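Comments concern the structure below.
Owing to the predicted nature of the structure, the values given are computational and were not obtained by experimental measurement.
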Amino acid sequence: MPTVTILRQDRGKKESYEQTFEFDRSQTGSVIDLLRALNERETLTDAAGATARRICFECSCETGDCGACAMLVNGRPMLACEARLPGILQDGALRLAPLTAFPCICDLQVDRSVLHTRARDAGLWLADKPRAAEDTFFSACLHCGLCAEACEKYHAGRIDAPCAYVDADLLAGLEDAENARRKALKKALKKPLLCPCKTGECEEACPRRLPLRQAIKRIGGSLFPFG
């Protein structure tokens, strides 16, 4: 039978552990469908026959439009609702883990509130009455945290989550952007490298394929000009 191994962490605990579950070969749909099917069992037992508590995870829209189900699927940061069975299986096995860029709350659920806190501190929202194009661009970001998970510089504390620079780039580039707002952005955001990485893991992980590297480079030159 195919198996799914989940890196688990009990609520309020710091220690993590792996637990493997078997599931039917006929299981199809998304990883979220699989997790729900496991939790809907009358008694959840692992592959060794031990009773297990229900699995903690987040999901909302199940259409890739909210970002709530972001996690590591076979080591790749992605939305679990977009990971489909059986194609996602590797030799009949699946591995799930929470994002490592954020504190774990329980199992596959993490606390991404830092993204909203940093956005608040930098004033990354539209003021007054937004033009339609700007509003569309802003709403494209899911704030799912996948770009941060894929970014080595974020893990090292050298820059904010790449998605923050997309919003900052738009704000700083507005013709009527207030100088005070640009100063607030510069004060709040961490100085990015003027030449971002060339590997592009953040853009590959982004469900909306936002121009993250371009935004980091442009905001670096705009708010933090060389010299």
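Here Leu189 contributes atom CG and Asp121 contributes atom CG; the two are 9.5 Å apart, rounded to the nearest 0.5 Å. Atoms CG and CG, from Leu210 and Asp169 in turn, are 11.5 Å apart once rounded to the nearest 0.5 Å. To the nearest 0.5 Å, atoms CG (Asp107) and CZ (Arg8) are separated by 4.0 Å. Taking CD1 of Ile88 as the start and CG of Leu34 as the end, the distance is 11.5 Å to the nearest 0.5 Å. The structure places CZ of Arg112 at 11.0 Å from NE2 of His143, a figure rounded to the nearest 0.5 Å. How far CG of Leu96 is from CD of Glu18: 11.0 Å, rounded to the nearest 0.5 Å.
Looking at heavy atoms from C-beta onward, Leu108 lies out of side-chain contact with Leu72 at the 4.5 angstrom threshold. Between Leu35 and Met71, some side-chain heavy-atom pair lies under the 4.5 Å cut-off. Taking the side chain as every heavy atom from C-beta outward, Leu38 and Val4 approach each other to under 4.5 Å. Inter-residue side-chain proximity for Phe57 and Asn39 is flagged as met; some heavy-atom pair is nearer than 4.5 Å. Residues Arg25 and Pro2 have side chains in contact (heavy-atom distance under 4.5 Å, counting atoms from C-beta outward). You'll find the side chain of Glu201 stays beyond 4.5 Å of the side chain of Arg76, heavy atoms only. Two residues are said to be in side-chain contact when any heavy atoms from C-beta on lie closer than 4.5 Å; Thr3 and Phe21 fail this criterion. Under the 4.5 Å side-chain criterion, counting only non-hydrogen atoms from C-beta, Cys206 is not in contact with Leu146.
The salt bridge (charged side-chain N to carboxylate O under 4.0 Å, His left out) search around Asp160 returns Arg118, not counting sequence neighbours. Partners of Ser113 under the side-chain contact (heavy atoms from CB on, under 4.5 Å) rule, at least two apart in sequence or in another chain, are Asp111. Scanning for salt bridge (charged side-chain N to carboxylate O under 4.0 Å, His left out) contacts around Asp65 gives Arg208, with sequence neighbours left out.
Evaluated for a side chain to side chain contact (heavy atoms under 4.5 Å, CB included) with Pro162, the options Cys202, Pro192, Cys141 yield exactly one hit, Cys202.
Side chain of Asp10 to main chain of Lys13: no donor-acceptor pair is present (N/O by atom type, distance under 3.5 Å, no hydrogens or angles). A side-chain donor-acceptor contact under 3.5 Å links Asp33 to the backbone of Ser30. Distance alone, capped at 3.5 Å, is enough to place a donor-acceptor pair between the Arg209 side chain and the Glu204 backbone.
Glu149 and Thr100 share a side-chain donor-acceptor pair at under 3.5 Å.
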